[in-house]
Amino acid sequence: MGASLKFYNTLTREKTAFSPIDPKSVRMYVCGPTVYDYAHIGNARPAIVFDVLFRLLRHVYGEGHVSYARNITDVDDKINARALRDHPGLPLNEAIRAVTERTETQYHEDVAALGCLEPTVEPRATDNIPQMIEIIEKLIARGHAYVAAGEVLFDTKSMGDYGKLSKRPLDEQQAGARVAVDAHKKNPGDFVLWKLSSDNEPGWESPWGRGRPGWHIECSAMSRRYLGEVFDIHGGGLDLIFPHHENEIAQSRCAHGTEVMANVWMHNGFVQVEGRKMSKSEGNFITIYDLLHTEKFGGRQWPGEVLRLAMLMTHYREPIDFSVKRLEEAERLIARWPAADPGGAAPCDTVIEALGDDLNTVAAIQALHALAHEAHADKTLLPIFAASANLLGVLPQKTEVDEALASAVDALVSMRLELLKAKNFPEADKIRNELSEKGIQLKDGKDASTGERVTTWELKR
RNA sequence: GGCCUCGUGGCGGAGUGGUGACGCAGAGGACUGCAAAUCCUUGCACCCGAGUUCGAUUCUCGGCGAGGCCUCCA
């Protein structure tokens, strides 16, 4: 456990040494998807970035000592709208379930294809309604929330240092004067904890009537349930800093009376497409599914590992401009890396140090290059390369070749070598070309001692 | 209007107060019957201006430019 980790903390705007509350139980929470539609490549970024962090923490503190919670938000007005649109015939609850289950399954398929490990726990908002109600009750009891016009609202003025994360103090927000002042709100910045539902909206019984939770409360409830009142790392996209994370912090800290909710707040930068923010109205909206399974982007499909490497080629806090050229470069890199077996090897220190420096995946990838290069000359380094690549989750997969195919290819290879000895180049090249068309790449080398031609082959990736 | 990022060679992209990472693409070469793979060599850069400094791409200020948040958003 010699590795020292440093992370940039949005809370302090500084890169500081990471020291877990309990090294035997390192806890991180990442805001997961709201399951109403296909996940886009912007959603892929936090999934990948924090997966690398998860892998790093597991390496440093031990696999059994890291808890990673990533929620599924399955209650949201966007889901309701989608359910009504897609399943007009079904009762509302069934329609909602149809949408959320379908979307959740798709999300899991997508991120698995991107090489993301499963989080330790993946709680659903709808399984945590009583926990949310409990927090809301606490907030009311402590004077941080009030009931008005059928809603329970968080009283932002009741919190002395509201706005610390986003550096957006309350009075400045009001200076903007663009926040619509709802008559029932004490302050414009107050936000909904609970709202009443009409008959055609999903709802749960609560002390304030049949209703549903506000946007932020689910993360406060689930992080507390699975990670405790104060935990180590909270992650998500840059855009969540305000209002989502700010309000999570307000709820959790005021309910529990703690100084912080999480010690370190990490935020990934945005993904752009063709230099512009991705949005449906711009027409440059692209989903993970599209990239993996359709020809919508660049006229072809892209392997998950290529997408993942393309994402990690930029530091997680910088913006990424997603482009075909970028994916092509990532693909070339992966194709050159060896598909090796890590065995029990430990990852290279250079890679660990790079990742330990605020997840410098770029430096880590550079170190992988160097390793791959050395491993070409010295095969004993292959397991180290593989273990290091695994830390980033970018280890090229060995494609299994069945025995029959292997012996058939071997036979053709030796036949070709005979033809070459006889200087029958046209016939020899014919074999090479035919194999190439079947996706098998021959590589000629020289035996170091005898100078004889040695031919190896592999499946093209 | 308020707040926050960022600006490095054809492209991607880290980093540093003192001869210009690295990768991709390009060029040349080795190997090869020819390819592929591999190896070697190589050109090209730090938005503009001022300041601090012996010295700035790196620090400070100003400008210009790009992006984000302030409303749902990863």
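Protein chains get the first letters and strands the later ones, always in sequence-line order, with residue 1 at the start of each. Computed over heavy atoms, backbone and side chain alike; hydrogens, waters and symmetry mates excluded.
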**Report entry** Presence of salt bridge, A:Arg326 and A:Asp321, under 4.0 angstrom
**Finding:** no
Query raised in the report: Can a salt bridge be assigned to the pair A:Lys78 and A:Asp37 using a cut-off of 4.0 Å between side-chain N and carboxylate O?
Result: no
Considering only atom [atom1], compute the distance from [N] to [M] and round it to an integer number of Å.
{"N": "B:C44", "M": "B:C24", "atom1": "C1'", "result": "14 Å"}
{"N": "B:C64", "M": "B:G23", "atom1": "P", "result": "38 Å"}
{"N": "B:G43", "M": "B:U38", "atom1": "P", "result": "22 Å"}
{"N": "B:U41", "M": "B:C47", "atom1": "C1'", "result": "33 Å"}
{"N": "B:G1", "M": "B:U8", "atom1": "P", "result": "26 Å"}
{"N": "B:U5", "M": "B:G62", "atom1": "P", "result": "14 Å"}
{"N": "B:G7", "M": "B:C59", "atom1": "P", "result": "10 Å"}
{"N": "B:G9", "M": "B:A25", "atom1": "C1'", "result": "12 Å"}

State whether a side-chain donor-acceptor pair under 3.5 Å links [X] with [Y].
{"X": "A:Thr16", "Y": "A:Asn9", "answer": "no"}
{"X": "A:Asp190", "Y": "A:Tyr146", "answer": "yes"}
{"X": "A:Asn71", "Y": "A:Tyr29", "answer": "yes"}
{"X": "A:Thr100", "Y": "A:Arg124", "answer": "no"}
{"X": "A:Asp51", "Y": "A:Tyr68", "answer": "no"}

Hey, does the side chain of [X] come within less than 4.0 Å of [N]'s phosphate (OP1/OP2), counting only N and O?
{"X": "A:His373", "N": "B:C39", "result": "yes"}
{"X": "A:Arg326", "N": "B:C24", "result": "no"}
{"X": "A:Arg432", "N": "B:A35", "result": "no"}
{"X": "A:Arg13", "N": "B:U5", "result": "no"}

Find the distance [X]:[atom1] to [N]:[atom2] and express it as a whole number of Å.
{"X": "A:Arg317", "N": "B:C6", "atom1": "CZ", "atom2": "P", "result": "8 Å"}
{"X": "A:Asp37", "N": "B:A74", "atom1": "CG", "atom2": "C1'", "result": "14 Å"}
{"X": "A:Arg70", "N": "B:A74", "atom1": "CZ", "atom2": "C1'", "result": "12 Å"}
{"X": "A:Trp457", "N": "B:U38", "atom1": "CH2", "atom2": "C1'", "result": "20 Å"}
{"X": "A:Glu331", "N": "B:C11", "atom1": "CD", "atom2": "P", "result": "22 Å"}
{"X": "A:His216", "N": "B:U71", "atom1": "NE2", "atom2": "C1'", "result": "11 Å"}
{"X": "A:Leu312", "N": "B:G12", "atom1": "CG", "atom2": "C1'", "result": "14 Å"}
{"X": "A:Phe322", "N": "B:A74", "atom1": "CZ", "atom2": "C1'", "result": "13 Å"}

Once you apply the 3.5 Å cut-off to both distances, tell me the Watson-Crick or G-U wobble partner of [N], or none.
{"N": "B:U71", "answer": "none"}
{"N": "B:G33", "answer": "none"}
{"N": "B:U60", "answer": "B:A50"}
{"N": "B:U5", "answer": "B:A66"}
{"N": "B:G15", "answer": "none"}

Report task. Write down the atom of A:His245, the atom of A:Gly236, and the distance for their closest heavy-atom approach. Result -> CE1-CA, 4.1 Å
Checking all strands, does [X] fall into the base, sugar-phosphate, or nothing category for heavy-atom contacts under 4.0 angstrom?
{"X": "A:Leu333", "answer": "sugar-phosphate"}
{"X": "A:His267", "answer": "nothing"}
{"X": "A:Gly237", "answer": "sugar-phosphate"}
{"X": "A:Glu318", "answer": "sugar-phosphate"}
{"X": "A:Leu420", "answer": "base"}

Query raised in the report: Want to settle it: does A:Lys423 or A:Lys325 sit nearer the 5' end of RNA chain B, counting the closest nucleotide to each?
Result: A:Lys325
Query raised in the report: Nearest nucleotide by nearest heavy atom, which residue falls closer to the 5' end of RNA chain B, A:Gly269 or A:Glu374?
Result: A:Glu374
Side chain of [X], heavy atoms from C-beta onward: which of [options] has the nearest atom to it?
{"X": "A:Phe242", "options": "B:A14, B:A25, B:C70", "result": "B:C70"}
{"X": "A:Thr34", "options": "B:C70, B:A74, B:G67", "result": "B:A74"}
{"X": "A:His376", "options": "B:A14, B:C39, B:A74", "result": "B:C39"}
{"X": "A:Lys443", "options": "B:A37, B:G23, B:U38", "result": "B:A37"}
{"X": "A:Gln441", "options": "B:A36, B:A25, B:A14", "result": "B:A36"}

So, under a plain 3.5 Å distance rule, would you say the side chain of [X] forms a donor-acceptor pair with the base of [N]?
{"X": "A:Asp444", "N": "B:A37", "result": "no"}
{"X": "A:Arg332", "N": "B:G12", "result": "no"}
{"X": "A:Asp429", "N": "B:G33", "result": "yes"}
{"X": "A:Glu329", "N": "B:G23", "result": "yes"}

Query raised in the report: If you draw the axis of the six-membered ring of A:Phe50, does the NZ or CZ of A:Arg70 fall within 45° of it and under 6.0 Å from the ring centre?
Result: no
